[in-house]
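One structure is given below, encoded as structure tokens.
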Amino acid sequence: TPFHADVFRSYSWSANICGRKKWLLYPAGQEEFLKDCHGNLPFDVTAPDLRDKRIYPRFSQSQPPLEIIQESGEIVFIPSGWHHQVYNLEDTISINHNWVNGCNVAVMWCFLQDELAAVQREINQWKDPVDDWHLQCQLIMKSCTGIDYKEFYNFLKVIAENRISILEKGLDEESSSRNDSKAAISTLGMLHAVFDLKRTVKVLSSLSANEDFRKLDLTSLSPSPEALLQHLESAI
Ligand SMILES: O=C(O)CCC(=O)C(=O)O
Ligand SMILES: [Fe+2]
């Protein structure tokens, strides 16, 4: 697998059902030293080109990668934003899972802002001639990244509303002093829900204030960002 970070800078785990893999892992931020003079990441982080200062001017500042040999039956956890390159040392079957939660939702938001900025730089020369330039930037961002700002809003909304319903259910159960252990393991705990909500509110506030988001037609969003934020703040 070429050198990359996972979708939306999510966390992931990868379980080896059979076979062996070698992982080269770089902590988040190290990728800055691994970009070429045009700002692009290499396909292969072990390629001899990386030692050429004219092509990769900051490579000498990078740390060596963490190297892991993953055996059959082992699970590797990849922290949010860590870039990695993976080799199958044998025929291998593995199962991966990616996720975003309260701990890395702000990382996802930073990533989306960087992606939009990259699109804006790329088509900057069309800003004046094209009327719906901001909309076009969102469209290109969605096709490259998989999501645009309005979809990100809906993503945050679904997470927030789910956490609120957990809190409301939790309060009901407390007041009726019912202790349903099955429910307790099938849903997040109250503290977890509050933590996620607080982090989501921070990101939602930043999104609502973001000038690229505010330039979009937000009338289709229900509830409106202001109404959702108010609801969340009172729930917390
Ligand atoms: O197992 C692999 O080859 C790489 C898995 C991986 O990094 C990914 O799916 O994002
Ligand atoms: Fe990956």
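Both counts, for ligands and for their atoms, begin at 1 and track the order of listing.
Using a distance-only test at 3.5 Å, with no hydrogens or angles considered, no donor-acceptor pair links the side chain of D6 to the main chain of S10.
Here R214 contributes atom CZ and Y149 contributes atom OH; the two are 14.0 Å apart, rounded to the nearest 0.5 Å.
Scanning all protein heavy atoms for the shortest distance to atom 10 (O) of ligand 1 gives D6 OD1, 2.8 Å.
With hydrogens and angles left out, the side-chain atoms of H4 and H83 include no donor and acceptor closer than 3.5 Å. Checked by atom type, the side-chain pair E71/N16 shows no donor-acceptor distance below 3.5 Å.
When each atom of ligand 1 is checked for a heavy atom of T1 under 4.0 Å away, the hits are 2 (C), 3 (O), 4 (C). Within ligand 1, the atoms closer than 4.0 Å to a non-hydrogen atom of H84 are 7 (O), numbered from 1 in the order shown.
Nearest to the Fe ion (ligand 2), among the N, O or S atoms that D6 has, is OD1.
Looking at ligand 1, you won't find any N or O of W23 less than 3.5 Å from one of its N or O atoms. Annotation: N96 places an N or O atom under 3.5 Å from an N or O atom of ligand 1; distance criterion only. The distance criterion of under 3.5 Å between nitrogen or oxygen atoms is not met by S94 with respect to ligand 1. Backbone and side-chain nitrogen or oxygen atoms of K21 are examined, and one is located within less than 3.5 angstrom of a nitrogen or oxygen of ligand 1.
Each of T1, V86, I69 was checked for a side chain to side chain contact (heavy atoms under 4.5 Å, CB included) with K21, and the lone residue meeting it is V86. Residue F77 is tested with Y11, W23, W82 for a ring-ring contact (aromatic ring centres under 6.0 Å, His included); the sole match is Y11.
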